[in-house]
Amino acid sequence: MIYSLSKAIYHIDRIKQLQIGNPIAPTLLQVDLEAYCNDNCNFCSYRKEEGYNEPMLDLIQVKKTDDRTTFKPLGKPSNNSGLEKIYSVLLPGMMKEAKIPAIELTGGGEPTIWPFFDLLLDNLIKGKIEIGLVTNASNLHESRIEKLVNHAVWVRFSLDASNQEMHKQIHRTPNNDFERRINNIRKFVEKKKLNKSNITLGVSFIINPVNKNDVEPACKFYKELGVDNIRFSWMYDKSGSAGLTENEIEELKVKLDVLKALHETKNYKIFYEKDRVDLFSRPNDDFKTCYMQRFVWALGADHKIYPCCIMKYQKDFALADIREKSLKDIVYDANVTAKMNNLDVRKCFPCWLRSRNIAISQAVEKPPHVNFI
């Protein structure tokens, strides 16, 4: 996926509706299909002690007293740990009816573990919904790879390491299967070339104390692997520091600039927001209105719609339940609109999307002397 603050401006019809106070359908639905994951990543905000999205663990029956640091998956999948099967059939039609053009299958848990993933994928393709997928690359058989290469817009692989030893320390997997996952990515790269596909293949690398010295090797490794980009981000935790010292953060910011200059090419992009980590401990006092919730909704594995991925599974922030109302009805529900209008961003967790909110507000809220461009 390509990252840009200007994307919302291309939805001028929606911007105009916001300018006159009308509700709009989101352009993107981020969906947790499943709360269970076969990894137990050390940076995961769903699985960390006091992680921001920790309430999700109730869906997989994880207790407060359970050891979160074990090298095995937490909890267990069940009929209640993911979306009901019927939404593998209903969700694409609900999106079309609500005029939501794109879906991001993400986590939460690992989306490809959801038992009805292939059925949903087929129905999304039939419904001509734009598809993005975030996956740990562990559960990708040949037919899935073929369908995704031919029909998805982008796939981002969460690897966070350049080698087996580092991957096991970060993802805390019970097995040494880094190479198998890398081979799955190789298949994507090969099929993309063979099928002349326009899919964008990217790698996600979340910087934290364990892998901070693996940033440069990872940058080189994935360039040689042939993916289109690598995105570096920072562990999101309540320390506000990604577990790093100020000196480590500053050194890494310099290193990211150097790596971009050395390794970025026309066919290999290096994305990062250096200042995002600085926002993790900053209160949301530089903007007043959340416009991102107008463009992107997060659907949890609990069937509830949330205003964003940051506030997922926080019950006071839930907007609606798709078992009770269709997506179209939720878009035009006066109570939902009122809840979004009245959202106090100061009560949200530190927002790394604030730059997008500020950019959209500048398009929606008319400035003085508008003709003096």
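Side chains are part of it too, since the values below use all heavy atoms of this structure and drop only hydrogens, waters and symmetry mates. In what follows, residues are counted from 1 in the order of the sequence shown.
Between the Lys255 side chain and the Val215 main chain, no donor and acceptor come within less than 3.5 Å of each other. Judged by distance alone, with hydrogens and angles left aside, the side-chain atoms of Arg144 form no donor-acceptor pair with the main-chain N or O of Phe117 at under 3.5 Å. With Thr106 contributing its side chain and Gln30 its backbone, the two residues share no donor-acceptor pair below 3.5 Å. One N or O on the side chain of Gln293 and one on the backbone of Cys290 form a donor-acceptor pair closer than 3.5 Å. Between the side chain of Arg156 and the backbone N or O of Gly202 there is no donor-acceptor pair closer than 3.5 Å. When atom types are taken as modelled, the side chain of Asn123 and the backbone of Leu119 share a donor-acceptor pair closer than 3.5 angstrom.
Between the side chains of Glu273 and Ser233, no donor-acceptor pair of N or O atoms lies under 3.5 Å. In this structure, a donor-acceptor pair under 3.5 Å is present between the side chains of Ser138 and Asn136. Residues Glu146 and Asn150 bring a donor and an acceptor atom of their side chains to less than 3.5 Å of each other. Judged purely by distance below 3.5 Å, without hydrogens or angles, the side chains of Arg181 and Asn184 never pair a donor atom with an acceptor atom. A donor-acceptor pair shorter than 3.5 Å cannot be found between the side chains of Gln61 and Asn80. Side-chain contact check for Asn208 and Asn42: at least one donor-acceptor pair (N or O, by modelled atom type) lies under 3.5 Å. A donor and an acceptor atom, one from each side chain of Asn267 and Thr265, are nowhere located under 3.5 Å apart. Asn175 and Thr173 form no side-chain donor-acceptor contact under 3.5 Å, judged by distance and modelled atom types alone.
Ring-plane geometry between Phe349 and Tyr52 is classed as tilted, the angle between the planes lying from 30 to 60 degrees on a 0 to 90 degree scale. The aromatic rings of Tyr46 and Tyr313 stand perpendicular to each other, their planes meeting at an angle above 60°, with 30° marking the opposite boundary. Using a 30° and 60° split on the angle between ring planes, Phe188 and Phe157 fall in the perpendicular class, above 60°.
Summarising the geometry of Pro111 relative to Val134, their closest heavy-atom pair is CG-O, 3.1 Å, with the distance given to 0.1 Å. Across Ile129 and Met95, no two heavy atoms sit closer than the pair CG2-CE, 3.7 Å. Minimum heavy-atom separation, Lys312 to Tyr306: CA-CG, 3.8 Å.
Between Lys64 and Glu54, at least one side-chain N (NZ, or NE/NH1/NH2) sits under 4.0 Å from a carboxylate O, which counts as a salt bridge. Salt bridge absent: Lys99 and Asp13 never bring a charged side-chain N and a carboxylate O closer than 4.0 Å. For Glu190 and Lys187, the salt-bridge test fails: no basic side-chain N is under 4.0 Å from an acidic carboxylate O. Salt-bridge check for Lys147 with Asp118: failed, with every basic side-chain N at 4.0 Å or more from each acidic carboxylate O. The pair Glu224-Lys220 does not count as a salt bridge, with every side-chain nitrogen at least 4.0 angstrom from each carboxylate oxygen. Taking 4.0 Å as the cut-off between side-chain N and carboxylate O, Lys304 and Asp302 do not count as a salt-bridged pair.
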Requested in this report: Mind running side-chain contact (heavy atoms from CB on, under 4.5 Å) on Met166 and Val210 for me, showing each step along the way?
Outcome: CA-CA 8 Å; Met166 182 62 68; Val210 178; 4.0 Å; yes

Report task. Output, in order, the C-alpha distance, side-chain angles, deciding distance and verdict of salt bridge (charged side-chain N to carboxylate O under 4.0 Å, His left out) for Lys192 and Asp228. Result -> CA-CA 11 Å; Lys192 175 181 178 177; Asp228 300 300; 2.7 Å; yes

Requested in this report: Apply the test side-chain contact (heavy atoms from CB on, under 4.5 Å) to residues Ser88 and Trp114: give CA-CA distance (whole Å), side-chain angles for both, the deciding distance (0.1 Å), then the verdict.
Outcome: CA-CA 10 Å; Ser88 63; Trp114 190 53; 3.7 Å; yes

**Report entry** Full working for side-chain contact (heavy atoms from CB on, under 4.5 Å) between Leu29 and Ile305
**Finding:** CA-CA 9 Å; Leu29 186 66; Ile305 297 285; 4.1 Å; yes

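Applying the ring pair (Phe, Tyr, Trp, His ring centres under 6.0 Å) criterion to Phe280, with sequence neighbours excluded, gives Tyr236.
Residue Phe287 is not grouped with residue Trp352 when hydrophobic side chains (ILVMFWY) are merged at heavy-atom distances under 4.5 angstrom, including chains of intermediate members.
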